[in-house]
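In what follows, every chain begins at residue 1, and chains take the letters A, B, ... in the order their sequences are listed.
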Amino acid sequence: MAISNLQIANIFTDMAALLEIKGESVFKVRAYQRAANTIENLEDSLEGLVRAKSDLKQISGIGKAINDKIYEYIETAHISAYERLLEELPEGVLTLMTVPYIGPKTAYLVATQLGVKSLEELEAAILDNRLLTIDGIGDRTCQIIHRSLLEMRVKDQRTPIGEALPIAHSIIDQLETVCDDIVSLHIAGSLRRWEETIGDIDIIAVCRDPKNLLKVFTELECVSEILVLGDKKSSVIIDSGIQVDLRIADTAALGAMVQYFTGSQQHNIRLRDYAKAKGLSVNEYGITEVSTGIQETFADETALYNRLGLRYIPPELRLGLDEVEWAQDPIECELITEADLLGDLHVHTDWSDGNDSTEVMIETASDLGYEYIAITDHSAGLGVASGLSVDRLRDRLLDIRKLQDKFSIKIFIGSEVDIRADGTLDYPDDLLDELDIVVASVHSAMGQHSDVMTQRLISAMNHQAVTIVGHLTTRIIGQRPPVQCDMERILEEAKRTGTALEINSSPERLDLKDIHARLARQMGVPLVVNTDSHDKLGFLQRKYGIAVARRAGCLTNHVVNTMSLDRFTSYISCPKPDRDAIFVSYAMARNN
DNA sequence: GCCGTTTTCGGCCCGACTGTTTTCAGTCG
């Protein structure tokens, strides 16, 4: 069984917690946390690196000790130091620490003094008041822990971005309605970094009457519980179970506040570390020259980063990895934006499982300023989605060709063709040849063994007619796990065959995910940002796909559907695999 | 445990809020 980077990252996260409970140096704890963060965001598989006998110490944040532990785990499936820690410390401490407001100290006391090992036992201890016997825990803390525990049962800890973003905008609208003194409101935190799931919603406010705003915030109708109400911040839980934090900032110092609360925490640690080496200290109010104690404030983030000798770092890249080094390079490079997209190559209509007519979908794409669109209804095999039979698709070709006369936007005729369990496609070759665009996707037999699934996807990519592989891992965030496959081999094969890979913008999919898209970009694999729209509102979801591309570090030239119509037409007209040369020359031209 | 424009040793981001308190530890981000 393959060992994933996430498994290893989770062990180091646990080790950090255990070391913290044990009372080890906070710096040692932080070293393990940092290593876990790095590993979680690493594109290459550690298992592959170890099998190739690579020196992991080349990776920033991994030194000799952690290098050796990774080797030990991949070679023996154990880390003895980790197992010793687990034996040394009372059973259940890690479980207890998963409850908000139970940190290492509390977890240790509860486990040792009360013998609590599970969340069920914790609840029992709360209900019969034994928790109150722990030093430092009073009525209020006990209540908050109890609520957190109940909350954990009904809800995953993190909320998909597609749910969180509309909620954040709704809260901002409500605040602007009920409070006249607001100067501006800003989304920060993981939401601004466009993480695929969100821990809590962070909002920063500039307001003429902060005290009143914080009070009004806690009194919004959607607020179900007030966690914190201070002079500078307030935290509440809203009815959907999400925590929302509101922070107050001054206009003149807004840049530092937004920077700080956008995070990530690891990014801020790296940034402050970097600043410190220059004799500067960064906090959420500004930058202080350590030698003089004089603080400068910044109205916007760009000024703050520039003061440190860095380019502006887009929030999507603030992962606590190598972005600070990246920003020292003086050459500006703009990440891709929504406005760069000139076409959408994966769109459904009411001919299959879409809700809007072909005309409406084309009109909407045209209104967005696109130069081209591909209509790609499902193939026959997908019965549940009213996939088109061979005959219906042939009718469809005639139908769409007629429509072209009514629109100036170029309409490509395509299909989202099922990749069958054996890797063959769901339409005969002669019909596929008639299509301009083929998005090949897996919709069935998702539980196949990794080797079988990898071969299945590779077979599809080797088909001359396949333009794009759609939502490659088929995951639904929080609901359906990704298929098992050898991502590196698939990316190599995509490059070799001249097959583009989709970043599916649907917020429940976001597939490819950011780290795979980043690896694809690094390997020179052509990427496409599609919405997979099933109605006209679906096009608006492109912002989520663009966010994934940005998190992957994509510039315009890494994404095929930013090509002009002429160039794109020559791209798809060119037979595979020679087509890749057109993509490469596009990438080079844009880079210059 | 990691790391080096001050360093192979001695540093390591920084602040808000709360509870149970009388000056601060714990937790969070």
What is the distance, to the nearest angstrom, from the [atom1] atom on [X] to the [atom2] atom on [N]?
X        : N      : atom1 : atom2 : result
A/Lys105 : B/dC28 : NZ    : C1'   : 14 Å
A/Ile226 : B/dT18 : CD1   : C1'   : 15 Å
A/Phe27  : B/dC14 : CZ    : P     : 11 Å
A/Ile134 : B/dG26 : CD1   : P     : 13 Å
A/Ile21  : B/dG26 : CD1   : P     : 13 Å
A/Leu229 : B/dA16 : CG    : P     : 16 Å
A/Leu56  : B/dC2  : CG    : P     : 11 Å
A/Gln243 : B/dT27 : CD    : P     : 16 Å

Side chain of [X] - closest among [options]:
X        : options                : result
A/Thr106 : B/dA16, B/dC28, B/dG26 : B/dG26
A/Lys232 : B/dG1, B/dA16, B/dC28  : B/dA16
A/Thr141 : B/dG15, B/dG19, B/dC2  : B/dG19
A/Glu284 : B/dG15, B/dT27, B/dC12 : B/dG15
A/Tyr285 : B/dC14, B/dG1, B/dA16  : B/dA16
A/Ala65  : B/dT27, B/dG1, B/dG15  : B/dG1
A/Tyr32  : B/dG1, B/dT27, B/dC14  : B/dG1

Quick one: label [X] by what it contacts on the DNA or RNA (base, sugar-phosphate, nothing), any heavy atom closer than 4.0 Å.
X        : answer
A/Arg270 : nothing
A/Asp231 : sugar-phosphate
A/Asn268 : nothing
A/Ser235 : nothing
A/Phe261 : nothing
A/Ile137 : sugar-phosphate
A/Ile269 : base
A/Gln265 : base

Would you say [X] reaches [N]'s phosphate, i.e. side-chain N/O to OP1/OP2 under 4.0 Å?
X        : N      : answer
A/Lys233 : B/dC17 : no
A/Tyr108 : B/dG26 : no
A/Ser25  : B/dC12 : no
A/Arg140 : B/dG19 : yes

Does A/Val282 or A/Lys64 map to a spot on DNA chain B nearer the 5' end, using the closest nucleotide for each? A/Lys64
Return the NE2 to CD distance between A/His516 and A/Glu43, rounded to the nearest 0.5 Å. 9.5 Å
Write down the distance separating the [atom1] atoms in [N] and [M], rounded off to the nearest Å.
N      : M      : atom1 : value
B/dC2  : B/dT7  : C1'   : 13 Å
B/dG26 : B/dT21 : C1'   : 13 Å
B/dG1  : B/dT8  : C1'   : 14 Å
B/dC17 : B/dC12 : C1'   : 25 Å

Are [X] and [Y] packed together at the side-chain level, in the sense that at least one heavy-atom pair is separated by less than 4.5 angstrom?
X        : Y        : result
A/Arg192 : A/Asp202 : no
A/Glu163 : A/Pro507 : no
A/Glu72  : A/Asp68  : no
A/Val178 : A/Phe217 : no
A/Tyr73  : A/Gln7   : yes

For residues 98-122 of chain A, which residue pairs qualify under salt bridge (Lys or Arg N to Asp or Glu O under 4.0 Å), counting only residues two or more places apart or in two chains? none
Just the table, please: protein N/O against nucleotides 3-11 of chain B N/O, every pair under 3.5 Å.
unit_1, atom_1, unit_2, atom_2, d
B/dC3, OP1, A/Gly61, N, 2.5

Could you check which nucleotide pairs with B/dT8 in any of the strands shown, counting Watson-Crick or G-U wobble with both distances under 3.5 Å? none
Ring geometry between A/Phe12 and A/Tyr32 (parallel below 30°, tilted from 30 to 60°, perpendicular above 60°): tilted
Before you tell me yes or no, could you show the steps for A/Arg270 and A/Glu323 under salt bridge (Lys or Arg N to Asp or Glu O under 4.0 Å), namely the whole-Å CA-CA distance, both residues' side-chain angles and the distance that decides it to 0.1 Å? CA-CA 9 Å; A/Arg270 302 298 293 274; A/Glu323 67 273 12; over 6 Å; no
Can a side-chain donor-acceptor contact be found between A/Asp239 and A/Ser224 if the only test is distance below 3.5 angstrom? no
